[in-house]
Novice: 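For reference, the structure I am asking about is given below.
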Number of protein chains: 2
Amino acid sequence: TDGVKEDLRTRFDLPEEARDYILRSIEYNVPHGKLNRGLTVVQFARDFFAAKGQTASDEVIFQASVLGWCIEYLQAFFLVADDIMDASITRRGQPCFYKLPEIGLKAVNDSIVLEALLYEILRKHFRNAQCYQDIFDLFHEITFTTSIGQLLDLTSQMEQGDVDLNTFTEANLVRIYKYKTAYYTFYLPVALGMHLCGIKDAELFSTAKDICIDMGVLFQSQDDYIDCFGDPKTTGKIGTDIEDNKCTWLVVEALKVASPSEKAILEDNYGRPDEAKVAVVKQLYVSLQLPAKFEAHESEYHTRLVSKIDAVEGQMPTGTYHFLLKKIFKRSS
Amino acid sequence: TDGVKEDLRTRFDLPEEARDYILRSIEYNVPHGKLNRGLTVVQFARDFFAAKGQTASDEVIFQASVLGWCIEYLQAFFLVADDIMDASITRRGQPCFYKLPEIGLKAVNDSIVLEALLYEILRKHFRNAQCYQDIFDLFHEITFTTSIGQLLDLTSQMEQGDVDLNTFTEANLVRIYKYKTAYYTFYLPVALGMHLCGIKDAELFSTAKDICIDMGVLFQSQDDYIDCFGDPKTTGKIGTDIEDNKCTWLVVEALKVASPSEKAILEDNYGRPDEAKVAVVKQLYVSLQLPAKFEAHESEYHTRLVSKIDAVEGQMPTGTYHFLLKKIFKRSS
Ligand SMILES: [Mg+2]
Ligand SMILES: [Mg+2]
Ligand SMILES: [Mg+2]
Ligand SMILES: [Mg+2]
Ligand SMILES: [Mg+2]
Ligand SMILES: [Mg+2]
């Protein structure tokens, strides 16, 4: 991405302040994540060549890193916009970009600039690669599905106090998980690795998608669980899903087993910015044994994923899937 | 674009409400412009084949229309976001999308969805066309330049009351015009027509860009003039550039010829939400003879454009340029 900075200096006729403004937005928003998504692309390339008894060339590793950075730009684009819509305060231990007094709603355009830079980077490094068109189409497919996921998430969240428990169904939950997170967090890096390594078989992409979506669903249900039962010392943040009236794994499971009187308790206490009411909901979750249910759910997904991964052994390198699964299974933050 | 609606119904596993939500956003934001940009693509295709003594086939006209709609999606994407950032109230005679009480800041994501739909449409209709990659790259180039134009515009506008006349230079003005409007309004439709007709010569694209950027600069200076001196009955809107502290053709020209005491008048009255001060600025513009200067400026651009267009006669069809020039020259709204 140093190339981007160089290009901003030389290729465009920009006044210095505009260039500095963009560079600052990049520095602020792109590099501070865990970079797992980016590392996954590199991991896939290594596994692919290792499976053939070869070593991935420096060029391939470099290209994989570029694609990894492109994912980070894509994520920055979505996160800057997401924080505005969610009226969030902090992100990755610093104020959200739009919260900086000199930025404000200009951040809407800054998120658009970050997305546009991703395609500038792609074009620069892959314009003549055989996989250019496929990679391009993939980024667009994922942008589309992620924006649909955001839409589902935004429209499923009623205003606070305006609770409609009927919308908290497993089908809605899985759909939001899949579109909002699973595609770009799990499928995108794996599929980019596959395109980079020249894989063309559409069947293999379907298989990869199936495994990655399952991982994404597991990942997001963990996110929900941690939001409520995680240790803020480990996670670095205090969850607010209950007061925010979110459709989560916990509330969906609770509704599956709750008696009419327990449903009434949820009805009266969910989605209110009131500590006492939040505590009532958490208490109900505990008495409905959701922590034990969650453990069972996590193991069930793990077992299923391991067998899905075993089933594709030989068709494509599976090291990346194990790498991802190890990162997420029983995670506490 | 009926195809989009059909695809939203069939291709994606979306709940009905999400689908209806997207369809409503499309209806509200895409079709209500003047469609000039879209018509320009069709015009170019007709001119191109007419120049060869042929008639453009129904298929080419259909493809040109699809590209025209793609420009309207791109514009909708930018306008929805722009209205949020500018805190605008109305657009095309209806409330801005984000101003609808049930939409609000969700409109940030709706603008992203509109952009994503544009690439869905492109992929659907052009996936196998010889010009697919070129069209794709062009849309990205234009998205990038337009987002940079927005950035230049947003960062050039100081807070009200915080007036720095030194930033109101011709170089800054032309740069904003070029990036924010000229590329997507004039160059994009012409260049799409060129790609659709199979033109490959990079020289011709440079020539087209040069002419189109000039037109865009003329168009935007007219916009500034009309904002101040236009008839609200004709334009349908009341200009606020002076109170908004905008870098406009008028203020740049005024500063070129103003005496120190006239500069002081500007310094004291520009960029304030105060009718009396706005009137003082307008009075100064009149006494500096900006209306006459504007007429001269418009004629000068017209003459220059006509000679640039004449110079490319024979290399590419020029009917589209004359079509555009006729639409904008001496326009009053
Ligand atoms: Mg958020
Ligand atoms: Mg959100
Ligand atoms: Mg969460
Ligand atoms: Mg505006
Ligand atoms: Mg604006
Ligand atoms: Mg204007």
Side-chain angles (χ1 to χ4, degrees), chain A residues 8 12-15 17-18 21-22 25 77-78 80-82 84-87 102-120 122-123 127 132-133 136-137 139-157 167 171-172 175 178-179, chain B residues 8 12-15 17-18 21-22 25 77-78 80-82 84-87 102-120 122-123 127 132-133 136-137 139-157 167 171-172 175 178-179:
Chain A
L8 286 172
F12 308 104
D13 157 41
L14 292 180
E17 310 89 72
Y21 183 94
I22 299 173
S25 164
F77 155 54
F78 276 114
V80 170
D82 182 65
I84 296 169
M85 293 183 280
D86 293 345
E102 71 280 23
I103 304 294
L105 284 177
K106 290 204 284 289
V108 174
N109 190 62
D110 298 325
S111 92
I112 295 172
V113 171
L114 290 168
E115 187 199 25
L117 286 170
L118 133 64
Y119 292 103
E120 289 293 315
L122 264 193
R123 180 155 48 174
R127 185 72 174 94
Y132 182 56
Q133 190 59 62
F136 236 83
D137 283 344
F139 268 106
H140 281 98
E141 180 193 339
I142 301 300
T143 301
F144 184 61
T145 52
T146 308
S147 68
I148 296 291
Q150 284 283 33
L151 188 151
L152 293 171
D153 192 34
L154 288 162
T155 53
S156 76
Q157 240 174 302
T167 64
N172 284 345
R175 200 187 283 109
K178 180 173 145 182
Y179 282 107
Chain B
L8 286 172
F12 308 103
D13 157 41
L14 292 181
E17 309 89 71
Y21 183 95
I22 299 172
S25 165
F77 155 56
F78 276 114
V80 169
D82 181 67
I84 296 169
M85 292 183 280
D86 293 346
E102 70 280 22
I103 305 294
L105 285 176
K106 289 204 286 288
V108 174
N109 190 62
D110 298 325
S111 92
I112 296 172
V113 171
L114 290 168
E115 186 198 26
L117 285 171
L118 132 64
Y119 293 103
E120 289 292 315
L122 264 193
R123 178 155 51 173
R127 186 70 175 95
Y132 182 57
Q133 189 60 62
F136 237 83
D137 283 345
F139 269 104
H140 281 97
E141 180 193 341
I142 301 301
T143 301
F144 185 61
T145 51
T146 308
S147 69
I148 296 291
Q150 284 283 33
L151 188 150
L152 292 171
D153 192 34
L154 288 162
T155 53
S156 76
Q157 240 173 301
T167 64
N172 285 344
R175 201 187 283 110
K178 180 173 146 182
Y179 282 107

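In what follows, chains carry the letters A, B, and so on, assigned in the order in which the sequence lines appear, proteins first and then strands, with residues in each chain numbered from 1. Computed from a predicted structure; not experimentally measured.
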Novice: Among residues at least two apart in sequence or on other chains, which ones pass side chain to side chain donor-acceptor pair (under 3.5 Å) with N109(A)?
Specialist: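 Testing N109(A) for side chain to side chain donor-acceptor pair (under 3.5 Å), a comparison that skips the adjacent residues, returns none.
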Novice: Under 4.5 Å heavy-atom distance to chain A, tell me which part of F144(B) shows up: side chain, backbone, both or neither.
Specialist: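 Contact with chain A is through both the backbone and side chain of F144(B).
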Novice: Where on E141(A) is there a heavy atom nearer than 4.5 Å to chain B: the side chain, the backbone, both, or neither?
Specialist: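 Looking at E141(A), backbone and side chain both touch chain B.
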Novice: Answer yes or no: is there a side-chain heavy-atom contact under 4.5 Å between Y119(A) and D137(B)?
Specialist: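 They are not in side-chain contact.
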Novice: When only pairs under 4.5 Å are counted, which of G104(A), A87(A), S147(A), A81(A) shares the most heavy-atom pairs with chain B?
Specialist: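 Result: the option with the highest number of such pairs is S147(A).
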Novice: Would you mind telling me which of L117(B), V113(B), N172(B) has the largest number of heavy-atom pairs within less than 4.5 Å of chain A?
Specialist: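 Going by pairs under 4.5 Å, I would pick V113(B).
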Novice: Using the side chain to side chain donor-acceptor pair (under 3.5 Å) criterion, which residues pair with E115(B)? Sequence neighbours excluded.
Specialist: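 Counting only residues at least two positions away or on another chain, E115(B) forms no side chain to side chain donor-acceptor pair (under 3.5 Å).
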Novice: Using a cut-off of under 4.5 Å for heavy-atom pairs, which of A18(A), A116(A), P15(A) has the most such pairs with chain B?
Specialist: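 Most heavy-atom pairs under 4.5 Å with chain B: P15(A).
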Novice: Could you have a look at L105(B), D86(B), L152(B), L151(B) and say which one has the most heavy-atom pairs with chain A under 4.5 angstrom?
Specialist: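 Option with the greatest count: L151(B).
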Novice: Is there a side-chain contact between I22(A) and I148(B) in this structure, where contact means two heavy atoms from C-beta onward sitting under 4.5 Å apart?
Specialist: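 When only atoms from C-beta onward are counted, I148(B) and I22(A) do touch, with a gap below 4.5 Å.
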Novice: In Å and rounded to the nearest 0.5 Å, what is the CD to OG1 distance from E120(B) to T143(A)?
Specialist: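 OG1 of T143(A) is found 10.0 Å from CD of E120(B).
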Novice: When rounded to the nearest 0.5 angstrom, what is the spacing between CD in Q150(B) and NZ in K106(A)?
Specialist: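 Spacing of CD (Q150(B)) from NZ (K106(A)) equals 12.0 Å.
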Novice: Given the options R123(A), K178(A), E102(A), Q133(A), which has more heavy-atom pairs under 4.5 Å with chain B than any of the others?
Specialist: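 Looking at each of R123(A), K178(A), E102(A), Q133(A) in turn, Q133(A) comes out on top.
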Novice: If you round to the nearest 0.5 Å, how far is OG1 of T167(A) from CD of E17(B)?
Specialist: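 Here the rounded value is 9.0 Å.
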